[in-house]
2 protein chains.
Amino acid sequence: MAQTPARTLTREGIAAAALVVLEREGLAGLSMRKVAAEAGVQAASLYWHVRNKEELLDLLGDALVADAELPPRTGGWREQYLEYGRRYRALLLARRDAAKVVAGRLTTGPHVLAVLEDQLDRLRAAGFADADAAMAAYLLSAYVQGFVLQEQSPLSAAEAAGASRGQAARAAGDVFRALPAETHPNLVALADDLTDPDMDSRFEFGLQRLADGLAALLRQR
Amino acid sequence: MAQTPARTLTREGIAAAALVVLEREGLAGLSMRKVAAEAGVQAASLYWHVRNKEELLDLLGDALVADAELPPRTGGWREQYLEYGRRYRALLLARRDAAKVVAGRLTTGPHVLAVLEDQLDRLRAAGFADADAAMAAYLLSAYVQGFVLQEQSPLSAAEAAGASRGQAARAAGDVFRALPAETHPNLVALADDLTDPDMDSRFEFGLQRLADGLAALLRQR
DNA sequence: ACCTGAACACCGTTCAAGT
DNA sequence: ACCTGAACACCGTTCAAGT
């Protein structure tokens with residue numbers, strides 16, 4: 001019954017196994033031992049290919065953007081920039097805990113580099129100065145990652161135990177409405193606005209503000 | 001020698017102990033056992049006051065914004081909004097791993113609520129519609145958290161082992177410059193812009209874009 | 001009501017040893 | 001060169017038992 005040894009364990013294979021474990025167990029449940037098992041190998045074997053867990057997570061982060069589909073190169077820079085943001089968000093939402101993996105992780109993996117290269121190319125072609133193009137790219141990733149991080153996280157540790165986002169939002173709204181109106185009049189008044197569960201609209205709002213801000217930059221050149 | 005038992009363990013005391021451990025060991029080193037030891041108690045005792053580690057981190061997240069100083073209520077809404085962003089960033093940078101703690105954590109702790117209440121009050125006074133005020137507040141926190149998360153994280157797992165940000169940035173620039181110019185011409189050309197270690201300027205750039213975007217919103221009412 | 005001791009089922013990482 | 005077995009020093013969490 002001796003299973004034939006993997007013998008072909010590679011960094012790509014490790015990343016693929018990590019993706020499977022991430023989807024099944026979430027980031028909190030992703031251990032070196034489970035990734036190793038998924039790859040058909042002992043935990044200690046991973047350390048031949050990878051310095052530590054942090055480096056494995058770098059691999060995973062790059063693998064997460066491997067199947068990114070770039071927006072069509074049609075229309076103005078603005079529409080392309082918006083589409084970039086929307087697709088990046090969709091990509092992160094599509095995989096469990098993806099934002100948590102990617103958020104504070106500045107990798108120079110091949111897939112990340114390819115996307116960045118393409119995005120910079122479009123921004124420069126649109127007329128942005130070099131430094132502004134670099135900033136615009138950085139800005140978009142910070143916004144999308146920050147947004148999805150909030151979006152993917154449970155509304156509170158208390159609600160983590162089951163409850164749809166709609167229910168959780170209503171519960172959060174109740175918290176606001178229950179506050180004393182003398183001390184927190186604005187929270188009481190805006191309870192509905194603050195807990196609007198339509199995340200697409202919220203995301204789009206911020207994205208449009210970013211694009212507006214960048215557009216102003218382009219006009220004054 | 002029997003140390004007098006804590007007897008006065010409270011949620012506030014736990015949060016204070018957690019702050020100390022966070023500063024000393026970082027988020028990765030913050031364990032229930034160490035927080036308990038810092039509070040002069042056994043690990044199991046914490047579970048009387050807190051459901052699990054996640055709830056303890058919620059407490060910690062709220063405690064982190066406890067000593068936030070709100071910007072002066074002078075000048076236009078724009079300057080106040082900018083100052084809000086700058087001070088929030090400074091607050092997160094002042095404490096070790098603060099952005100990681102706070103990032104995907106939607107708490108309704110008292111300190112968080114107080115800040116949000118104040119911010120909404122200013123935005124509404126400036127003439128923003130209710131929904132827009134709620135969005136503007138959400139947008140700022142997503143941006144600042146996303147930005148500082150990148151800023152506080154090591155530039156790459158490889159460089160994590162010592163090396164100033166300036167050095168790390170130069171190393172990252174070398175990575176870009178070393179890419180083949182045929183496949184990654186923009187990364188090669190913008191290597192300096194992409195790795196500019198002046199994070200204050202980068203942050204300010206994004207912040208100004210956000211304010212510009214919101215200003216456009218205000219004009220069209 | 002609040003805290004402890006002891007246990008359970010895990011972790012990441014190292015390192016000699018195997019092939 | 002690559003993988004394993006076994007160990008080390010930890011984890012979060014539970015639960016009977018103490019006061």
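Here is how names work: the chains are called A, B, and so on, in the same order as the sequence lines, proteins then strands, and each is numbered from 1.
- Using cut-offs of 30° and 60° on the angle between ring planes, the pair B:Phe147 and B:Phe203 is perpendicular.
- Regarding contacts with the backbone of D:dC11, a side-chain N or O of B:Lys34 is found under 4.0 angstrom from either OP1 or OP2.
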Using the side-chain contact (heavy atoms from CB on, under 4.5 Å) rule, take B:Leu190 and A:Arg124 through it: C-alpha gap first, then chi angles, then the decisive distance, then the call.
CA-CA 10 Å; B:Leu190 301 195; A:Arg124 293 175 88 196; 3.9 Å; yes
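- Spacing between atom CD of B:Glu54 and atom C1' of D:dT13 amounts to 14 Å, rounded to whole angstrom units.
- For A:Gln42, the side-chain atoms get nearest to D:dG5 when compared with the rest of C:dG5, D:dG5, D:dT13.
- Looking at the side chain of A:Tyr47, the nearest of the listed nucleotides D:dT4, C:dG12, D:dC3 is C:dG12.
- Between the side chains of A:Tyr138 and B:Asp193, no donor N or O sits under 3.5 Å from an acceptor N or O.
- Checking C:dA1 for Watson-Crick or G-U wobble geometry (two distances, each under 3.5 Å) identifies D:dT19 as its partner.
- A residue-by-residue look at A:Arg33 and A:His49 shows that A:His49 has its nearest nucleotide of DNA chain D further toward the 5' end.
- For B:Arg96 and B:Glu25, the salt-bridge test fails: no basic side-chain N is under 4.0 Å from an acidic carboxylate O.
- Residue order along DNA chain D, read from the 5' end via each residue's closest nucleotide, puts A:Ala43 first among B:Ala44 and A:Ala43.
- OP1 or OP2 of D:dC2 lies within a sub-4.0 Å distance of a side-chain N or O belonging to A:Trp48.
- The distance from atom CE of A:Met32 to atom P of D:dC11 is 18 Å, rounded to the nearest whole Å.
- Counting non-hydrogen atoms under 4.0 angstrom, A:Ser31 reaches the backbone sugars and phosphates but no base.
- Between the P atom of D:dG12 and the NZ atom of B:Lys53 lies a distance of 4 Å, rounded to the nearest Å.
- Contact annotation: B:Ser45 does not reach the phosphate of C:dC2 (side-chain N/O to OP1 or OP2, under 4.0 Å).
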